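One structure is given below, encoded as structure tokens.
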Amino acid sequence: MLSKAKIKFIKSLQVKKYRKQEQCFVVQGAKSVQELLTSGFEVSMILGTADFLRHIPTHIPAEIMEVTEKELSDLSEFQTNDSALAVARIKQNNRLAIQANEFALVLDDIRDPGNLGTIIRTADWFGIHKIIASEETADFYNPKVISATMGSFCRVEIYYTNLTEYLPGISLPIYGAYLDGKDVHRTDFGSGGLIVIGNESRGISAPLEQFITQKITIPRYGKAESLNAAIATAVICDNVVRSKK
């Protein structure tokens with residue numbers, strides 16, 4: 001049986017304060033844990049049912065414990081987790097170099113963990129593997145973010161920074177999503193650049209506007225006031241990839 005100390009430790013990692021203190025995060029669910037085990041993350045603990053543990057790689061340098069479905073359910077933030085849970089080390093927040101022939105996303109104050117997780121999953125789908133995020137953007141290691149990525153957190157890197165200090169040093173084109181920009185279907189995105197996605201309700205913050213080299217927009221054909229940030233990101237990424245030279 002799991003000790004009370006381990007239960008308390010794992011549950012504490014649902015809170016950002018303790019994730020930062022312990023430099024650890026939780027991954028829940030069979031698919032995400034399997035992705036984690038083949039990634040570059042350092043895994044310190046794996047809890048799984050007997051059936052799950054039979055299918056994981058051998059010689060993993062981590063504490064491995066067999067648990068019941070009920071124990072997992074009691075530990076998990078998500079009731080559907082009945083197979084596996086793992087604890088891994090948080091990676092260092094290293095600056096990401098963006099090459100001239102690649103695209104990266106810039107997230108300006110994306111607050112909703114579900115939106116961030118979906119954006120990460122979307123970026124992975126379209127082959128975009130780097131994200132620059134404002135310091136106010138939701139925590140990459142939030143359990144809701146990790147769950148929403150469906151394993152894509154293993155393939156997409158993120159760097160949190162002050163965007164007003166980061167963007168002036170970028171020589172690539174910087175595209176910003178606005179309501180009054182150029183139609184994304186008619187925009188030539190070239191071979192690389194940054195795509196800035198703004199806050200769910202306020203859009204791109206005013207201090208960043210000076211760094212945007214091309215405003216872009218998704219044309220509206222109906223009467224909806226706006227698009228969800230994650231949906232907008234998907235539409236933009238589709239057009240960016242299709243126009244890439």
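Just so you know, these numbers come straight off a predicted model, no measurement behind them.
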[X] side, atom [atom1]; [Y] side, atom [atom2] - distance, nearest 0.5 Å:
X: F52; Y: E66; atom1: CZ; atom2: CD; result: 12.5 Å
X: L2; Y: K8; atom1: CG; atom2: NZ; result: 15.5 Å
X: I56; Y: I46; atom1: CD1; atom2: CD1; result: 4.5 Å
X: I195; Y: I216; atom1: CD1; atom2: CD1; result: 5.0 Å
X: R19; Y: C24; atom1: CZ; atom2: SG; result: 11.5 Å
X: S83; Y: E69; atom1: OG; atom2: CD; result: 6.5 Å

| Do other residues, nucleotides or ligands put more than 12 heavy atoms under 6.0 Å from the CZ atom of R186? | no
| Exceeds 12 heavy-atom contacts within 6.0 angstrom, atom OH of Y18 | no
| After noting the C-alpha distance and the side-chain angles of S201 and N199, does the key distance pass the side-chain hydrogen bond (donor to acceptor under 3.5 Å, both in side chains) rule? | CA-CA 6 Å; S201 59; N199 175 267; 3.0 Å; yes
| With a 4.0 Å cut-off, would you call K16 and D139 a salt bridge? | no
| query | Salt bridge between K91 and E157, side-chain N to carboxylate O under 4.0 Å? | reply |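 Answer for the salt bridge query: no.
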Joint hydrophobic cluster, [X] plus [Y], side-chain heavy atoms closer than 4.5 Å:
X: I197; Y: I132; value: no
X: Y159; Y: L172; value: yes
X: V156; Y: L96; value: no

| When you look at S73 and S76, which way does the side-chain hydrogen bond (donor to acceptor under 3.5 Å, both in side chains) test go after all the steps? | CA-CA 5 Å; S73 180; S76 177; over 6 Å; no
| request: Starting from the C-alpha separation in whole Å, work towards a yes-or-no answer on side-chain hydrogen bond (donor to acceptor under 3.5 Å, both in side chains) for S205 and D108. | output: CA-CA 7 Å; S205 56; D108 179 23; 2.9 Å; yes
| message | If you take the centroid of each ring, where Trp contributes its six-membered ring, are F41 and F153 closer together than 6.0 Å? | response | yes
